[in-house]
Trainee: 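This is the structure, below, for whatever I ask next.
Protein chains get the first letters and strands the later ones, always in sequence-line order, with residue 1 at the start of each.
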There are 4 protein chains.
Amino acid sequence: MWFSIDFHSHTPVYKQIKNKIKEKILNNELKKEMFIPSIRVLAKELGVNLNTVARAYRELENENVIKSIRGSGYIVIGINEKDFINNKIEEFKKAVVSCKSANIKKEDLFEIIEDLFGGE
Amino acid sequence: MWFSIDFHSHTPVYKQIKNKIKEKILNNELKKEMFIPSIRVLAKELGVNLNTVARAYRELENENVIKSIRGSGYIVIGINEKDFINNKIEEFKKAVVSCKSANIKKEDLFEIIEDLFGGE
Amino acid sequence: MWFSIDFHSHTPVYKQIKNKIKEKILNNELKKEMFIPSIRVLAKELGVNLNTVARAYRELENENVIKSIRGSGYIVIGINEKDFINNKIEEFKKAVVSCKSANIKKEDLFEIIEDLFGGE
Amino acid sequence: MWFSIDFHSHTPVYKQIKNKIKEKILNNELKKEMFIPSIRVLAKELGVNLNTVARAYRELENENVIKSIRGSGYIVIGINEKDFINNKIEEFKKAVVSCKSANIKKEDLFEIIEDLFGGE
DNA sequence: GTGGTCTAGACCACA
DNA sequence: GTGGTCTAGACCACA
């Protein structure tokens, strides 16, 4: 399975799909010019409706991240790394602020990061 | 203003309300036995519907965080600090993992935390 | 304490009050011509608002169960035993039907009744 | 009609709905994995607002009795039979005590039960 | 004024 | 069509 959807998350499924694909591009799992899975294939794999994947792809196309090739599928164009990373950073900041207002100490957060980045 | 709602967030308004109140209890802004704003008052202050606040309060009551006093309002009971903090930690972990898969370096995350906890 | 109120019941408080008084009349705890507690006294005793007791008494007066004596209080007139008992029976039937649809056996119900009427 | 609501009861409609569904599960009218009527369908059938059914279903989900399947509906998980039956028994006891304090004889209660369980 | 429940109706995400 | 959330507004019981 390529990646999975958190159906209990408040983040809409189509946004989760967009996000995962952007991550894969950033990580070079998906390189420029590569084909991504067809709408039907991905929908089946994720257990999700066609329209949901279609919407994700449509928006990714509008953002110039992927491009549809008539009759063949979608290929990767590339992403605006800065924007994408800035979004992640913003989300991260929210999480930090939220922890701070719950009186969690920064040392604890440091430790968690070390753990998750572990072995590096 | 007691706190504010992010109407663009995917997190439902009633959940944001539940969260903010739990934070205030954790931070001792709201102490045991204290009255919290009435449903109507908070709804007006937040620019939110009465039912939305009512739902938040009802769920907080089911979780034994607050208690309704007939005809008077709601008073604070207390929160399960561990559960609440664990939830925050889980959210934080997700944000970290998400940053990691976007190739953000842990040093950058450390810096952000230092900034946000700044002056301490 | 004369009797008590179940504040978590869905039955309105004023109806609980009416009921309890009728029961006491039926059981001869309250006999004809006797004074019942004043509105203020009962309200205080039950931890309930004046208006609530007042409403109960007002309705009991309309049903000719009690009668207000100017400046003195309320005295018992009597109750229509049949109506009152029929109401109880109806409630009991509902409880039985409800148990039946939960697959509880009649023998269990018999046993519970024996227990509650115990020592007789 | 699947079941009906007593609009004159003091028991809130959403609680009546929760109860009826639990009963149906207990009686195997609703078996595990089966779909229950959609919120909209049940609301229409009962002549009740959508939100009322939604609340009942939401609470049943929190109690792990049913589970929502994205875009498809709700399926039955199961109920804690003991808790449910104990609740019924408690209600029954209240009804018995209430009859007792109205001087109704236990023999009368026995007869009523026999009648209602009749033909068995 | 305070909580509790309900309605009618709307809009979103998803199938 | 299905669930999820929210609004505006109403009425009840209670203080």
Trainee: How do D:Y14 and B:P37 order along DNA chain E: which one's closest nucleotide is nearer the 5' end?
Mentor: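 Between the two, 5'-proximity favours B:P37.
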
Trainee: Please compare B:L50 and B:V13 by the position of their nearest nucleotide in DNA chain F and report the one closer to 5'.
Mentor: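 Mapping each residue to its closest nucleotide by heavy atoms, the 5'-most match is B:V13.
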
Trainee: Would you mind reporting whether B:R70 and C:V13 have side-chain heavy atoms less than 4.5 Å apart?
Mentor: yes

Trainee: At under 4.0 Å between heavy atoms, what does B:R40 touch on the DNA or RNA strands: base, sugar-phosphate, or nothing?
Mentor: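 The residue B:R40 makes base contact.
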
Trainee: Are A:I17 and A:L42 side-chain neighbours, meaning at least one heavy-atom pair lies under 4.5 Å?
Mentor: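 SC-SC contact between A:I17 and A:L42 confirmed.
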
Trainee: With sequence neighbours excluded, what pairs up with D:R55 under the salt bridge (charged side-chain N to carboxylate O under 4.0 Å, His left out) test?
Mentor: D:E59

Trainee: State the pairing partner of E:dA10; accept Watson-Crick or G-U wobble contacts with both distances under 3.5 Å, and report none otherwise.
Mentor: F:dT5

Trainee: Let me know, please, whether A:V48 or B:S38 comes out on the 5' side of the other along DNA chain E by nearest nucleotide.
Mentor: B:S38

Trainee: Of the options B:E29, B:E63, B:E81, which is the one that meets B:K22 in a salt bridge (charged side-chain N to carboxylate O under 4.0 Å, His left out)?
Mentor: B:E63

Trainee: Determine whether C:F7 and C:V48 satisfy the following criterion, side-chain contact (heavy atoms from CB on, under 4.5 Å), listing intermediate values before the conclusion.
Mentor: CA-CA 10 Å; C:F7 288 104; C:V48 140; 3.8 Å; yes

Trainee: Angle between ring planes, A:F92 versus B:F92, binned at 30° and 60°: parallel, tilted or perpendicular?
Mentor: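 It falls in the tilted class, 30° to 60°.
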
Trainee: Mind checking if D:Y57 touches a base, just sugar-phosphate, or nothing, with heavy atoms under 4.0 Å?
Mentor: nothing

Trainee: If you walk 5' to 3' along DNA chain E, what is the first nucleotide with an atom under 4.0 Å of a heavy atom in chain D, and what is the last?
Mentor: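 For DNA chain E, the relevant span reads E:dT5 to E:dA15.
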
Trainee: I want to check something: taking the side chain as every heavy atom from C-beta on, are C:F3 and C:E23 in contact at a cut-off of under 4.5 Å?
Mentor: no

Trainee: Can you work out whether D:I39 or C:T52 has the more 5'-proximal nearest nucleotide on DNA chain F?
Mentor: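 Nearest-nucleotide comparison on DNA chain F picks D:I39.
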
Trainee: Given side chains that start at C-beta, do those of D:V76 and D:K31 come closer than 4.5 Å, heavy atoms only?
Mentor: no

Trainee: Which residues within residues 62-75 of chain B lie with some heavy atom under 4.0 Å of an atom in DNA chain F?
Mentor: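 Heavy-atom contacts with DNA chain F come from B:R70, B:G71.
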
